[in-house]
Amino acid sequence: MTELLPLIDKLTRAHSLSAEEYERLITGRNKETASLLREEADRVRRSIYGNTVFTRGLIEISSYCRNDCYYCGIRCGNPKAERYRLRPEEILDCCKEGYSLGFRTFVLQGGEDPWFDDVVLCGLLREIKAQFPDCAITLSLGERSRRSYELLFEAGADRYLLRHETANKQHYEQLHPERMSFERRMECLFALKEIGYQVGCGFMVGSPYQTAAHLAQDLKFIEQFRPQMCGIGPFIPHRDTPFGGKSAGSVELTCYLLSILRLIQPNLLLPATTALGTLAPNGRELGIQSGANVVMPNLSPVSVRKKYSLYDNKICTGEESAQCRDCLAQRMNAVGYRLVVDRGDPKTE
Ligand code: SF4
């Protein structure tokens with residue numbers, strides 16, 4: 001512990017460590033370092049965001065995907081995956097319901113489904129913006145061309161989530177088939193930032209072959225890239241994928257990394273993910289207490305939720321949207337935080 005204290009102090013003051021120092025902070029962690037980091041992260045978060053937690057209404061628009069990421073339940077190589085695609089009218093209905101429940105950000109997430117081409121998406125974005133002008137729209141639809149990202153931005157998309165998955169090229173290649181490229185993923189992230197999106201990157205904690213050195217590289221990448229958002233959650237295997245037999249990641253390490261991320265970038269928008277809540281009944285509460293400040297309740301129609309199966313045993317697939325929102329509001333209240341009706345843009349530090 002004592003040897004890590006100067007690192008925690010440096011991180012809190014300078015918001016930066018070397019990759020070797022991040023690695024030491026990870027490998028040398030124990031209950032004391034975790035609790036110290038958690039306290040610092042919570043203090044920093046409260047100084048910017050108080051005890052508020054932002055909500056994003058997640059709409060899973062398609063379970064079709066042309067990619068074959070080894071960890072993902074809806075990869076194209078999984079013949080058992082159930083496929084569906086929401087029609088634009090159904091997506092608008094989800095937004096309408098979400099708006100009445102107090103959501104002011106809609107996240108349209110899906111596999112890389114060519115049916116959602118630029119014409120369809122731009123029409124949909126314009127319609128959402130026309131009907132809900134005070135709402136932000138986040139897209140999470142994978143890799144597209146720079147031109148496509150530009151058109152979607154012009155049509156009203158404000159934010160884009162594209163997890164980098166790992167900042168180490170070799171590790172990226174262990175998680176993805178040959179036709180996917182680490183360089184291309186990075187190009188997409190930098191293009192999104194240049195175009196003017198609020199950008200979210202992120203990674204799984206405990207993904208197969210991941211080492212502490214890889215995680216340190218992820219932290220260094222985030223420190224330098226400075227995204228507006230960062231989604232991290234524990235890896236959870238899906239039985240019908242090549243990684244079906246691998247072990248899940250840990251809630252403890254995910255929360256530890258959330259605290260570090262809050263100290264790296266104090267105003268970062270950090271979700272306490274559904275994957276955290278899947279591995280531990282109080283996982284999302286622990287995430288918030290460790291420094292996260294966003295939750296993403298599901299607004300997808302209940303009839304399709306089980307089909308958007310990225311990993312096994314995903315929670316919140318049976319409840320109505322209102323139930324999901326109320327459940328999360330109660331969970332946050334119980335640990336001293338509160339959900340707010342707000343677009344939830346990053347605040348200045
Ligand atoms: S992680 Fe995304 S891109 Fe990869 S297979 Fe799953 S939905 Fe497709």
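Both counts, for ligands and for their atoms, begin at 1 and track the order of listing. All values reported here derive from a predicted model rather than from experimental measurement.
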*Sequence neighbours excluded - salt bridge (Lys or Arg N to Asp or Glu O under 4.0 Å) pairs with any residue from residues 220-242*: Lys80-Asp240, Lys220-Glu223, Arg226-Glu349, Arg239-Asp312

_Salt bridge or not between Arg24 and Glu20? Use side-chain N to carboxylate O under 4.0 Å._
no

*I would like to know whether Tyr160 and Phe153 meet ring-ring contact (aromatic ring centres under 6.0 Å, His included); could you show each step before the answer?*
CA-CA 9 Å; Tyr160 206 103; Phe153 186 71; over 10 Å; no

*asked:* Quiz question for you: does at least one protein heavy atom lie closer than 4.0 Å to atom 8 (Fe) of ligand 1?
replied: yes

*Side chains of Asn313 and Thr278: do they bring a donor and an acceptor to under 3.5 Å?*
no

*Quick one: are the ring centres of Tyr71 and His176 less than 6.0 Å apart?*
yes

*If you look at every heavy atom in Leu162 and Leu189, which pair is closest and at what distance?*
O-CD2, 3.4 Å

*With a cut-off of 2.8 Å, how many protein N, O or S atoms neighbour atom 8 (Fe) of ligand 1?*
1

*Near Tyr71, which atoms of ligand 1 are under 4.0 Å from a heavy atom of that residue?*
1 (S)

*Identified side chain to side chain contact (heavy atoms under 4.5 Å, CB included) counterpart of Arg104 within the set Thr55, Asp345, Asp134*: Asp134

